[in-house]
Amino acid sequence: MMVRTRVAPSPTGDPHVGTAYVALVNYLFAKQHAGRFLLRIEDTDRVRSSDAAETVILDALRWLGLQWDEGPDVGGPHGPYRQSERLQRYAVAANELLSDGHAFKCFCSVERLEELRQEQRKLGIPPGYDGRCLTLTAGEAAQAEAAGTPFVVRMKVPREGSVVIDDLLRGEISFEWRTVDMQVLVKSDGWPTYHLANVVDDHDMEITHVMRGEEWISSAPKHKLLYEYFGWTMPKLAHLPLLRNPDRSKLSKRKNPTSILFYRRMGYLPEALINFLGLLAVTPVEGEEMMDLATMVARFGLEHISLGGPIFDVAKLDWLNGRYLRERLDLAAFEQRVRDWALNESYLGAIAPLAQPRIERLSDLGPLLSFFFAGRIDVDVAQLRSAKLDDASLRKAFVLALAEVDALALWEAGAINAAFGRIADVLGKRLREVVRPFYVAIAGRAQSVPLFDSMQILGRDLVRERLRNALDLLGGATAKEQEAWRRELSANGAAARQAAEVQA
Ligand code: GLU
């Protein structure tokens, strides 16, 4: 049997280094067994998925040198490889489950489900569907449907006994059925949930090994049952540990950069980054840390993956990247990398119009623009402090800015400007009273080229990092402060929207 693995990202945000790690493990395993590695786009979350995010994910994984044998862009015999193009298939599968009595239509309203949740919380029992619509007769269900009552399709789940999941990394894991929810498989708009689409696709695409993040372990019992209901063989499972910081905390966007784009923007070489991720999945050989993909394929072994959590140690990445820069590039290749990184026409083309009106000599360019060619920058905390904002407002301004950086759908100067308008509103200040410390945080000085254009050009990741750095220098913000301030921002946004509607 040919080994077939896949990575199945959801295009809902920046490409995460964890996705690259999962992709790499799947790639190495497939190649080691002379198998095939697939990429499938799981875009059943219609609200959060976007084409732009998909493009960025594919680009980022390709930049790292990972090549998939089948996928939405390269095609293959089991396409389409994008779930939004396979809806027909899921409808057929759901109908099969319904007619075999393995699933049922649930007409419960959102309000009823909310009440149920509240009640379960009060009683201290795990939340989950109580099975009310299982008791409907066929006639009652048909009547509700004919009356146009919205419904979802849920899978039937035994209420007694337990199930054992076999995990290649963790051995046998047992779950009590009563802790497994009667999962929604088809939403009221007819779209499948992750669970249905994922199982159908892994079967149809002849996936033999599912290797994915450990956050999916609790879904495994549902998936196992679905395979049984369909009468299909389940692929082998391995749930990979999440990447961790050296202090063992979970890698998370709030605390440290997680986007592949950030590492690219910082000037890490793709071969160094993929090598670094590979070190978390191969037998380490002292003195032979530098490995290309082919070497990693040869040395890979699932058993090398530490369940305690692979450590994403940036100091090690720096060391490795330095070696690649010094040892693996001749001067011409090095120059080319520098050009690709930031001395290219498109980057200079974006910066030049900001600088031209503001200089007297070309030699002014160095000090004026150096922040465009840096990752993190040195900031003088005294300069961050501002006559217009007391310390609490200043910290609040940075917390709000970080919230806006994450929330903005479009990363563009006009939208960033509008976001700072909202921040000024919440602080009860004028925009120009608020922006000065942000010049310092982003450009390293209080006067520079236009702030919002600069932020657009630097990109969301570097901006987030510099804002976070400034907030730290100012003493940070407690979780409670952050929550309260972020709430103010969204309440203010809602009020502004309402006012606009009244005017309209
Ligand atoms: N779409 C899921 C994710 O984004 C994939 C989970 C799986 O591999 O089954 O992580």
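Only heavy atoms go into these numbers, but all of them, side chains included; no hydrogens, no water, no symmetry mates. Whatever order the structure lists ligands and atoms in, that order sets their numbers, starting from 1. Keep in mind the model is a prediction, meaning the values are calculated, not measured.
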Which residues satisfy the side-chain contact (heavy atoms from CB on, under 4.5 Å) test with D166, sequence neighbours excluded?
-> E172
Please say whether the positively charged group of R154, taken as NZ for Lys or CZ for Arg, lies over the ring of Y129, i.e. under 6.0 angstrom from the six-membered ring centre and within 45 degrees of the axis.
-> yes
Which pairs, with at least one residue in residues 5-27 and sequence neighbours excluded, count as a side-chain hydrogen bond (donor to acceptor under 3.5 Å, both in side chains)?
-> R6-D202
Which atom pairs, one a donor and one an acceptor, fall under 3.5 Å between side chains of residues 400-413 and the rest of the protein, sequence neighbours left out?
unit_1	atom_1	unit_2	atom_2	d
E404	OE1	R422	NH2	3.1
E404	OE2	R422	NE	2.9
D406	OD1	R464	NE	3.0
D406	OD1	R464	NH2	3.0
W411	NE1	M455	O	3.0
E412	OE1	G414	N	3.4
E412	OE1	A415	N	3.2
E412	OE2	G414	N	2.9

From Y194, Y90, Y227, residue fulfilling side-chain contact (heavy atoms from CB on, under 4.5 Å) relative to V199 = Y227
Which word best sums up how the rings of H195 and W216 line up, parallel for under 30°, tilted for 30 to 60°, or perpendicular for over 60°?
-> perpendicular
Neighbouring residues of ligand 1, heavy-atom cut-off under 4.0 Å = R6, A8, S10, E42, Y194, N198, R212, W216
